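All figures in this text were calculated on a predicted structure; none of them were measured in a lab. Numbered from 1 within each chain, the chains take letters A, B, ... in sequence-line order.
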2 protein chains.
Amino acid sequence: MKSFSARQNCRAPSVEDVAHKLAALSHPARLEILQRLGGGRSCCCKEVVEHLDLAQSTVSQHLKILVEAGLVRYAPERQRSRYQIDQAALAAVSASVSALVESCCAGEGADI
Amino acid sequence: MKSFSARQNCRAPSVEDVAHKLAALSHPARLEILQRLGGGRSCCCKEVVEHLDLAQSTVSQHLKILVEAGLVRYAPERQRSRYQIDQAALAAVSASVSALVESCCAGEGADI
DNA sequence: TGATTTCATCGTTCATCGACGATAGACGAT
DNA sequence: ATCGTCTATCGTCGATGAACGATGAAATCA
């Protein structure tokens, strides 16, 4: 094992995949959304809006980005929508980051 | 403990901090740079350039972003420059992501 | 000294992001 | 049927990102 990959279901996520998911995580509002969605709670858009001090359209955009990154699952439900964390996907990202760190810290070198 | 924080050295990184570091990680070229810097090797800019198929100025920019995010340390050395991974910082990011995932997966909920 | 190498920075160009208001569709309630 | 609510999407605007070439500074080599 040399690169940060392996693990997960056997499909090694490409650098692009990981970068894409990390990009989805790289905005404060989206991190807060994830925290709000945490604990298995499923939220509708309005619930997030009330908590976030952003326009509804903006929140909807952020949610879309999270869904397209595969980190949040989406289910249109009558009037409301349900957004829910995809725990497996999130865990996979965490594993990717861990693997990256491990591979980077393998051979100890002298500090600068 | 309610938010994904705590852990680390006792200073809880803010959502903005984490987002900023994740943003630095959210580009394929920068992930590849980190892998190249992995294993304690310290690289000069040219070495990265030769490996990456990007213009020298572009690579320099990416390195700067990594340095400003605190993930890579920088030491101007005579003619060349030395870039080296900041393993502690990288580990901290990994821990933040893990903590986020854990806090999000706490209370199991029904799947969508 | 002069030529070459290595690097950072500047200026430019194009694309994307982030935020908003406005709008339209779908649903529930009256 | 009509009204109000909840969403997603569109269009816009300013800001930022990503890439490049050109340039200049510092160090090394001839």
Side-chain angles (χ1 to χ4, degrees), chain A residues 14-37 41-85 112, chain B residues 14-37 41-85 112:
Chain A
S14 74
V15 190
E16 284 77 14
D17 286 338
V18 178
H20 184 236
K21 290 183 194 303
L22 288 178
L25 290 178
S26 69
H27 193 288
R30 292 197 286 271
L31 288 181
E32 290 183 22
I33 289 176
L34 285 182
Q35 290 183 279
R36 180 122 297 257
L37 292 179
R41 261 177 314 187
S42 66
C43 291
C44 64
C45 181
K46 178 171 185 284
E47 193 173 341
V48 180
V49 170
E50 283 166 352
H51 192 71
L52 221 51
D53 195 41
L54 284 174
Q56 178 266 328
S57 56
T58 306
V59 171
S60 189
Q61 293 247 78
H62 282 307
L63 284 167
K64 187 180 182 183
I65 289 172
L66 288 169
V67 169
E68 284 176 344
L71 301 177
V72 164
R73 270 176 296 177
Y74 165 70
E77 184 162 302
R78 329 247 179 66
Q79 187 173 6
R80 318 202 149 202
S81 294
R82 282 178 65 202
Y83 290 94
Q84 187 178 29
I85 284 193
I112 285 184
Chain B
S14 73
V15 191
E16 285 77 13
D17 286 339
V18 178
H20 184 235
K21 290 185 193 302
L22 289 178
L25 290 178
S26 70
H27 192 285
R30 293 197 286 271
L31 288 181
E32 289 183 21
I33 289 176
L34 285 182
Q35 290 183 283
R36 180 122 298 255
L37 292 179
R41 263 176 314 188
S42 67
C43 291
C44 64
C45 181
K46 179 172 184 285
E47 194 175 341
V48 180
V49 170
E50 283 167 351
H51 192 72
L52 221 52
D53 195 41
L54 283 174
Q56 178 267 328
S57 56
T58 306
V59 171
S60 189
Q61 293 248 78
H62 282 307
L63 284 167
K64 187 180 182 183
I65 289 172
L66 288 169
V67 169
E68 284 176 345
L71 301 176
V72 164
R73 271 177 296 177
Y74 164 71
E77 183 162 306
R78 330 247 179 67
Q79 187 173 7
R80 317 202 149 201
S81 295
R82 282 179 64 203
Y83 290 93
Q84 186 178 29
I85 284 195
I112 286 183

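- Side-chain atoms of B/Arg30 come within 3.5 Å of backbone atoms of B/Ala24 as a donor-acceptor pair (strictly under, hydrogens ignored).
- Rounded to whole Å, atom P of C/dT6 lies 16 Å from atom OH of B/Tyr74.
- In this structure A/Lys64 satisfies the side chain to side chain donor-acceptor pair (under 3.5 Å) test with no other residue, sequence neighbours excluded.
- Counting to the nearest Å, the P atom of C/dT16 and the NE2 atom of A/His20 are 12 Å from each other.
- Looking at every heavy atom in both residues, A/Arg82 comes nearest to A/Glu77 through CD-OE1, 2.8 Å.
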Tell me, for nucleotides 18-30 of chain C in 5' to 3' order, what letter each nucleotide earns: B for a base near a protein heavy atom under 4.0 Å, S for only sugar-phosphate near one, - for neither? SBBBB----BS--
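- Rounded to an integer number of Å, the gap from CD1 of A/Ile33 to P of D/dT7 is 13 Å.
- Distance B/Lys64 NZ to C/dC10 C1': 10 Å, rounded to the nearest Å.
- Whole-Å rounding puts the A/Lys46 NZ to D/dA8 P distance at 14 Å.
- When the P atom of C/dC7 is taken as reference, atom OH of B/Tyr83 falls 8 Å away, rounded to whole Å.
- One can place CG of A/Leu25 at 15 Å from P of C/dC17, the figure rounded to the nearest angstrom.
- Looking only at distances, a side-chain donor or acceptor of A/Ser26 sits under 3.5 Å from a matching main-chain atom of A/Ala23.
- Between A/Leu25 and B/Leu25 the shortest side-chain heavy-atom distance does not fall below 4.5 Å.
- If you measure from atom CG of B/Leu22 to atom P of D/dG17, you get 15 Å, rounded to the nearest angstrom.
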